[in-house]
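First comes the structure, then the notes that go with it.
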Amino acid sequence: MSLAGEAEARRRRMTRKRLEKFAELRGKTVQTGEFWDVVVITAVDKKQEIAYQKQLSEKLKRKELPLGVDYHVFADPPGPKIGNGGSTLHALRCLEEHYGDKWDTLTIILIHSGNFYLSTYLTLCKVHVCLIFP
């Protein structure tokens, strides 16, 4: 098998393992270190934030996501956008406001959702394609 073929086979095996691990965690309260303590999704505006919050709420009700995790959606402030750097700084500020000094002791994943040109549905699907664990 070629080097590229071996890399592809390894990627497929690792993806399958991640999907299996995620399936085991869905609908269950996770223990510290099993998953992220906090999942943050950035939104480009308030409308996108509301759509993401609604989808997260529905997924939690259907037990499609791990439980015992803090899920947040933070909309970028109105005005000119400076890209993911601006979203990151705003999300960090929101985390500090929400958790105080405790936020820097948590395992947090920050997911940038995209931009005006990317539909809300595609963005949420994108998040679940590559499952990342701490």
Side-chain angles (χ1 to χ4, degrees):
M1 184 180 295
S2 71
L3 195 55
E6 288 176 21
E8 176 66 17
R10 183 177 187 280
R11 186 189 62 76
R12 287 178 188 255
R13 282 192 310 275
M14 295 306 294
T15 298
R16 187 173 30 258
K17 281 185 178 181
R18 288 183 184 119
L19 288 169
E20 289 167 359
K21 182 177 180 180
F22 187 72
E24 291 173 11
L25 298 177
R26 292 174 91 174
K28 295 180 182 164
T29 302
V30 294
Q31 303 302 312
T32 302
E34 263 188 310
F35 196 66
W36 304 95
D37 299 321
V38 180
V39 174
V40 175
I41 300 173
T42 64
V44 74
D45 59 17
K46 194 69 174 169
K47 183 179 174 184
Q48 196 177 50
E49 176 187 22
I50 291 166
Y52 290 160
Q53 286 173 337
K54 182 178 178 186
Q55 287 192 6
L56 282 171
S57 177
E58 290 171 2
K59 286 180 174 298
L60 287 166
K61 283 179 193 170
R62 291 190 305 259
K63 298 188 177 191
E64 294 178 358
L65 297 172
L67 307 176
V69 175
D70 289 343
Y71 294 93
H72 297 283
V73 181
F74 298 134
D76 292 346
K81 307 298 180 197
I82 61 171
N84 287 348
S87 292
T88 299
L89 292 174
H90 179 69
L92 293 175
R93 180 181 298 137
C94 291
L95 287 167
E96 186 173 35
E97 289 172 4
H98 189 80
Y99 294 101
D101 291 339
K102 180 185 172 196
W103 79 270
D104 62 355
T105 65
L106 301 168
T107 304
I108 300 169
I109 185 168
L110 175 59
I111 303 166
H112 292 287
S113 64
N115 55 41
F116 286 112
Y117 307 106
L118 196 58
S119 77
T120 300
Y121 175 76
L122 282 176
T123 299
L124 277 183
C125 290
K126 177 177 72 172
V127 168
H128 299 287
V129 169
C130 180
L131 300 171
I132 306 166
F133 290 92

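One-based numbering along the sequence shown.
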When rounded to the nearest 0.5 angstrom, what distance separates [atom1] in [X] from [atom2] in [Y]?
{"X": "R16", "Y": "R18", "atom1": "CZ", "atom2": "CZ", "value": "12.0 Å"}
{"X": "K46", "Y": "D76", "atom1": "NZ", "atom2": "CG", "value": "12.0 Å"}
{"X": "T29", "Y": "E34", "atom1": "OG1", "atom2": "CD", "value": "10.0 Å"}

| Who are the side-chain contact (heavy atoms from CB on, under 4.5 Å) partners of E58, not counting sequence neighbours? |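 side-chain contact (heavy atoms from CB on, under 4.5 Å) check on E58 returns K54, R62.
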
| Set of side-chain contact (heavy atoms from CB on, under 4.5 Å) partners for E8, sequence neighbours left out |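 side-chain contact (heavy atoms from CB on, under 4.5 Å) check on E8 returns R11, R12.
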
Report whether [X] and [Y] are members of the same hydrophobic cluster (ILVMFWY, side-chain heavy atoms less than 4.5 Å apart, transitive linking).
{"X": "L60", "Y": "F22", "answer": "yes"}
{"X": "L65", "Y": "F74", "answer": "no"}
{"X": "W103", "Y": "V73", "answer": "no"}
{"X": "V38", "Y": "L110", "answer": "yes"}

Considering only heavy atoms from C-beta outward, does the side chain of [X] approach that of [Y] to under 4.5 Å?
{"X": "V69", "Y": "Y71", "answer": "yes"}
{"X": "L67", "Y": "F35", "answer": "no"}
{"X": "W36", "Y": "P66", "answer": "no"}

State which residues pass side chain to side chain donor-acceptor pair (under 3.5 Å) with [X]; sequence neighbours excluded, sorted by chain then number.
{"X": "T88", "answer": "H112"}
{"X": "K102", "answer": "none"}
{"X": "D37", "answer": "none"}

| field | Remaining members of hydrophobic cluster (4.5 Å side-chain criterion), I50 | value |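 Its cluster partners, ordered by chain and number, are none at all.
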
| said: Just to verify, what does K28 make a salt bridge (charged side-chain N to carboxylate O under 4.0 Å, His left out) with, not counting sequence neighbours? | reply: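 Salt bridge (charged side-chain N to carboxylate O under 4.0 Å, His left out) list for K28, sorted by chain: empty.
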
Would you be so kind as to tabulate the donor-acceptor pairs closer than 3.5 Å made by side chains of residues 91-99, with sequence neighbours excluded?
unit_1 : atom_1 : unit_2 : atom_2 : d
Y99    : OH     : D70    : OD2    : 2.6
Y99    : OH     : H72    : NE2    : 2.8

| task | Keeping the roles fixed (side chain from R26, backbone from E64), state whether a donor-acceptor pair exists under 3.5 Å. | result |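 Side chain of R26 to backbone of E64: a pair is present.
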
| query | What do the steps show when you test Q53 against E49 for side-chain contact (heavy atoms from CB on, under 4.5 Å), and what is the final call? | reply | CA-CA 6 Å; Q53 286 173 337; E49 176 187 22; 3.5 Å; yes

| said: Set out, in order, the CA-CA distance, both residues' side-chain angles and the distance that settles side-chain contact (heavy atoms from CB on, under 4.5 Å) for I109 and V40, then state yes or no. | reply: CA-CA 6 Å; I109 185 168; V40 175; over 6 Å; no

| query | Checking side-chain contact (heavy atoms from CB on, under 4.5 Å) for the pair T42/I111: CA distance, chi angles, key distance, verdict? | reply | CA-CA 6 Å; T42 64; I111 303 166; over 6 Å; no

